[in-house]
Amino acid sequence: MSGTEPRRTQPPEASGLRPHALRCDHRTTPLGTGERAPLLGWRLAADRRGDDPAAYRVRVAEDPGALADGGRPLWDTGRVEDPDALGVLYAGPPLRSRTRYHWRVTVWGAAGTGEGARTETGAAAGPGEATSWFETAFIGDGAPEWRASWITHDPRPVPVMDAPTEGERALDDHGLAPCPLLRRAFTATAVTRARLYVSARGLYEVRLNGVRAGDAELAPGWTDYTRRIQYQTYDVTALLRDGENVLAATLADGWWSGFVGFEPRRAGAHYGTFPQLLAELHLTGADGRTAVVATDATWRTGTGAVRHADLLMGECHDLRHAADGWELPGFDDRALRPALVTDADHRLLVASVDEPVRAMAELPARTVTRTGARRHVVDFGQNLAGRVRLRVTALATGARVTVRHAEALDDDGGLYTANLRTAAATDVLIGDGRPHTVFEPGFTYHGFRYAEIDGLPELSAADITAVALHSDTPWTGAFACSDPTVERLHRCVEWGQRSNFVSVPTDCPQRDERLGWLADAQVFLPTAARNADVAAFFTKWLRDIEDARTPEGGFTNVAPRLAGVADEGAPGWGDAGVIIPWHLYRTYGDPRFLSRALPAMRAWVDLIRRHNPDLVWRHKVGPHFADWLAPGTPTPREVVATACFAHSAHLTARAAEALGERATAREYHRLAAAVRAVFTERFVRTGGEDRTGGEDRNDRAGLVIEGDTQTGYLLALAFGLLPADRTDAAVRRLAELIESAGPALRTGFLGVALAAPVLDSYGRADLAHALLRRTEVPSWLFPLRHGATTVWERWDGWTPEAGFRAPSMNSFNHYALGSIGEWLHRGVAGLDQRPDSVGYRHLRVRPRPGTLTRASARYASVRGTAEVRWERRDGVFSLWLRVPPGADAEVYVPTADPASVRESGAEPGHDGQVALLAAEPEHAVYRVASGTYHFTAADTVPERPVPDEPLTLVGSHQEGTP
Ligand code: RAM
């Protein structure tokens, strides 16, 4: 380029389509898949409008050199004409175990892009390409290939517990045993590749020559260990040295043999009674020769500083017991004893399909307050799940530091722990006189915002950090708007997700519960899937749901299944087994979510039908939680149940349809229609047919659904249960009920998720906004005025008048009510996909401004990044959007004056990528191709923007700490 040429200030006009974010089974470069036919997927980016894909090609090879044109890959799809492709299932020669495969995707554009595109230098850009890899562990069930045995230090009998009382026990009462240490020394030379395959019945942390393998926490994660045990793979090549090496593991009880849930008589040892390790280290030398170091009777075991570790109770490190250097070469392990082999059963082992829990964030102390001579309370400013890292200097031999955790403070500024029930959530450090120690537990986690440190005369904020733990689900969503309090609500929702996606989606992270409740997860999933890529996380949990099924084939209330929790799925809880796969399919476009689940979906719906021949679901309702925790008049149980039945039958039909199983689809569509008819027949009354006796409400409302509760109408409208000519009356009655209550909600877990979306889709977005911005009980913003940093389990978990609700069930970190999060993205900001769209193929952009002046949402969809931003200023409504390649969008520009609409300053449609679909009284609707757009129009939105007031914290138990 000559120096006289003008410099470009704009990016090049055309750089073609770019595949990026390559994924194998929804994970980036997974190390250790067991899948025979993994899904190889990609997202797309482009710089020009209408730059859409037309065809792709995927090549897979062991040698990356073979991916080049003219190379001989293991598998080559050739050019496949498929403009909608999001990925392809591997269908080449069988994959070998413990092998790295490289893969390349090539994408050709439609309409002259791609091959014809020019780069900045003027050369043809050619099709877009990107390369990635995945590595196999033990393919398939892998059982025959394993050589390792399960080993342990000290088999223990089942601890028999008395029923604990509410509140804390002395830690020593818990029958907890020291964490086993297991080590094996071996020699190695010139190793070029080392892979560690490892699991535990319990939790493990493995070190090679003293350095930790990987960064997984709480591994191997929670499953029903009687059905399935995950193992993980680590690349430990860099940790090996020539000569003596030591592979060393610490084990803990975890979910396997520790305290789980709330069943008092069986508080520990749900699956087993003592932790065990299984590991294989595969070494490959430069000459290709391999060696395996596997767990067996030659391992040496003992115990060390970790005197106990339990997920609910906490962890104790007594440094006087530290076995210094035990994990390093050169340690004399003659005093240790040989490991005991328990068995060599490999049948339940599966390669993990999700990303592990990791330490995802560190939060500094906001304040440190002295509350006693040797006691301090630390506020981290955020309720979270995780643990505390504490730097301690010169702790005398035998001196004790106790770290307790709580979500809230009591009136005296001390920890409020009553709502933790029997979870002690207490970590203990006992000193041995050494000058410096960093104390951070490794096998427990707590739900907390505050920590009390007892035993140190001085504590500086610099010495203490909160470490947030959660399953590593890549963040995909962002939301912002003109009301900072609504933005804070969104942050609370996000932290609810972070705190509760810990190997499984839990209800809460703090008390003796932390279970994978199905309803909580199904109502929150649409929000969760906007915030983060949860495809791999839910792939794993759907297996837990499958594993938990009752002998009759029904879904349960919690997964993994746990003794002591009523199995039989309740309406809305069991139905999650149908709802979740459907939502995942729509979000990620991966049909395996449906094909794997369809038999169980059918079995669930069949089970309800079998036990309820008149199609009113009243038998086989499990513990029937109805509309759990709804304030006010409960919605009749049969109304809730029958609505859920109709919905599950309908989704089962749609799943079958999506999979091309037309006869099955017809069968369940017929059933769904029949249940809908029964719902109307039994539960819906219209004027003149009031059989309830009493006051005739029908004249007033035109229509009454039995019970006349908000949730009754919400379920009926959300699930399309009413004949078309009755929906208007139902919407009117719903609106009346909401308005006369405040406007406020009277919904519980099932109703709450439906409220804003239903009101919105039936023309009452104004009321949805009124609910969103309400600040009195019950409302989403009420807790924020009182310092909440996560969403609460109850609308009124704490009030200035009554203080804390009964501690028996009062979590301050429960995500179910946070299900409003999705509507912020798809309603307020207006970034949605059409109801018939899968994998964000057809976006719908339809902002609901309410009285806000701006909002925006960004979402890294499975197809590529989608984005909406709008603003009302000086009588102009501006709307920016980004539609990923391969998608199109229906755009609702909210104006009553279609003639005023401009796109990028010109008449819409000037470049052929924008077409007017309809001019309706409240908006002009356009169809646009992929690309970025900027619409402006006369602002005729009826609501006048309300200036946003800064949030004032009032009468708070957490006052002064935003
Ligand atoms: C509570 C849980 C959960 C809910 C069940 C029914 O104990 O916290 O949120 O789904 O009960």
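First listed ligand is number 1; within each ligand, the first listed atom is number 1.
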> Taking 4.0 angstrom as the limit and counting only heavy atoms of F749, give me the atoms of ligand 1 inside it, by number and element.
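Counting from 1, the qualifying ligand atoms are 9 (O).
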
> Which residue holds the protein heavy atom closest to atom 1 (C) of ligand 1, what is that atom called, and what is the gap in Å?
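Among all protein heavy atoms, the one nearest atom 1 (C) of ligand 1 is E513 OE2, 3.5 Å.
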
> Please check if any side-chain donor atom of N531 sits under 3.5 Å from a side-chain acceptor atom of W475, or the reverse.
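Side-chain D/A pair, N531 to W475: absent.
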
> Under the side chain to side chain contact (heavy atoms under 4.5 Å, CB included) rule, what do S257 and Y271 come out as? Steps first, then yes or no, please.
CA-CA 6 Å; S257 48; Y271 305 97; over 6 Å; no

> Pairs of nitrogen or oxygen atoms closer than 3.5 Å, one from W517 and one from ligand 1: do any exist?
no

> Which residue owns the protein heavy atom closest to atom 11 (O) of ligand 1, what's the atom, and how far is it?
W628 CZ2, 3.4 Å

> Are the side chain of S471 and the backbone of S503 linked by a donor-acceptor contact shorter than 3.5 Å?
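Between the backbone of S503 and the side chain of S471 there is a qualifying donor-acceptor contact (under 3.5 Å).
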
> With a 6.0 Å cut-off on the ring centroids, do H814 and W792 count as close?
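Centroid separation for H814 and W792: 6.0 Å or greater.
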
> Examine the proximity of ligand 1 to R514 and report which part, side chain or backbone, both or neither, has a heavy atom under 4.0 Å away.
neither

> Please find out if less than 6.0 Å separates the ring center of W604 from that of W573.
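No, ring centres 6.0 Å or more apart.
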
> I'd like to check which ligand 1 atoms, numbered from 1 as shown, lie under 4.0 Å from a non-hydrogen atom of E793.
8 (O)

> At a 4.0 Å threshold, what atoms of ligand 1 neighbour a non-hydrogen atom of F625?
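Per the distance check, 6 (C).
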
> Nearest heavy atom to atom 4 (C) of ligand 1 wins, so pick from T506, D520, D507, L750.
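Nearest heavy atom to atom 4 (C) of ligand 1 lies in D520.
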
> Does R514 make a cation-pi contact with Y445 (under 6.0 Å, within 45 degrees of the axis)?
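Ring-cation test returns yes.
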
